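See structure below.
What you see is a predicted model; the values in this text were computed from it and never measured.
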Amino acid sequence: MIEGRTILNVGESLLDAALGYLVVFIGLTLLMIVVVVVGKIMYSKAKKANAKSAAPAAAPAAAAPVTSKKLAPGSAGDVKIYDTDPRDAAMIMAIVADKLGKPLNELRFRSIKEVK
């Protein structure tokens with residue numbers, strides 16, 4: 001012992017270092033578990049809120065009469081087609097409209113390009 005300090009040998013130093021690393025990794029693991037659990041809770045709450053708000057909003061929109069609005073013609077603008085067959089472009093637009101659950105005349109396609 002030198003001036004109130006103890007000198008550790010190599011084995012004790014390695015043990016202290018290993019215990020320090022162990023405490024840090026346990027803390028990080030616990031923090032990761034907390035973040036994952038809170039994330040899942042928030043995701044489930046958001047999913048329930050979206051399900052509750054989407055169901056009532058869809059019914060009145062479908063039942064509302066469209067007397068004051070002028071319906072859009074068959075297209076919402078011009079589409080620029082690059083290196084794509086017009087038939088393929090029409091199929092892509094129809095698939096996108098179906099997946100989004102919206103009528104084709106409410107969507108606006110600016111351009112369609114085949115990626116090679």
Side-chain angles (χ1 to χ4, degrees):
M1 196 151 124
I2 301 173
E3 298 178 23
R5 297 182 186 179
T6 57
I7 298 175
L8 300 177
N9 61 20
V10 176
E12 291 173 340
S13 298
L14 290 175
L15 181 64
D16 285 350
L19 288 175
Y21 289 135
L22 183 66
V23 167
V24 169
F25 283 121
I26 289 173
L28 289 174
T29 304
L30 291 175
L31 182 64
M32 182 181 70
I33 290 170
V34 168
V35 168
V36 168
V37 168
V38 169
K40 288 188 181 203
I41 291 170
M42 297 300 273
Y43 177 74
S44 67
K45 284 184 180 180
K47 191 174 180 181
K48 287 179 184 177
N50 285 341
K52 287 181 182 178
S53 66
V66 188
T67 56
S68 62
K69 287 186 177 180
K70 187 176 180 183
L71 294 176
S75 170
D78 293 331
V79 178
K80 295 178 184 174
I81 300 174
Y82 302 102
D83 299 329
T84 306
D85 185 38
R87 183 171 183 253
D88 293 338
M91 287 289 271
I92 291 169
M93 290 188 287
I95 291 169
V96 169
D98 183 57
K99 291 289 182 184
L100 291 176
K102 294 193 173 226
L104 191 57
N105 62 351
E106 290 182 7
L107 298 176
R108 173 132 196 244
F109 294 91
R110 295 179 186 253
S111 67
I112 297 177
K113 181 178 180 181
E114 181 180 354
V115 178
K116 295 180 181 181

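Distance check, rounded to the nearest 0.5 Å: OG1 of Thr29 to CD1 of Ile26 gives 7.5 Å. Atom CG of Leu28 is separated from atom CE of Met32 by 9.0 Å, given to the nearest 0.5 angstrom. Rounding to the nearest 0.5 Å gives a distance of 11.0 Å between CD1 of Ile112 and CG of Asp85. Taken from CE in Met91 to OG1 in Thr84, the straight-line distance is 13.5 Å, to the nearest 0.5 Å. Taken from NZ in Lys113 to CD1 in Ile81, the straight-line distance is 14.0 Å, to the nearest 0.5 Å.
Taking hydrophobic clusters as Ile, Leu, Val, Met, Phe, Trp and Tyr residues chained together by side-chain heavy-atom distances below 4.5 Å, Leu100 shares a cluster with Phe109. Criterion: ILVMFWY side-chain heavy atoms under 4.5 Å apart, direct or through other members. Under it, Leu107 and Ile92 are part of a common hydrophobic cluster. Hydrophobic clustering keeps Val38 apart from Leu30 (ILVMFWY residues linked when any side-chain heavy atoms are closer than 4.5 Å, directly or through intermediates).
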Test side chain to side chain contact (heavy atoms under 4.5 Å, CB included) applied to Tyr43 and Lys45, step by step | CA-CA 5 Å; Tyr43 177 74; Lys45 284 184 180 180; over 6 Å; no

Please test Val79 against Met93 for side chain to side chain contact (heavy atoms under 4.5 Å, CB included), starting from the C-alpha separation and ending with a verdict.
-> CA-CA 10 Å; Val79 178; Met93 290 188 287; 4.2 Å; yes

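Of all heavy-atom pairs spanning Leu8 and Ser13, the tightest one is CB-OG, 3.7 Å.
Taking the side chain as every heavy atom from C-beta outward, Leu19 and Val23 never approach each other to under 4.5 Å.
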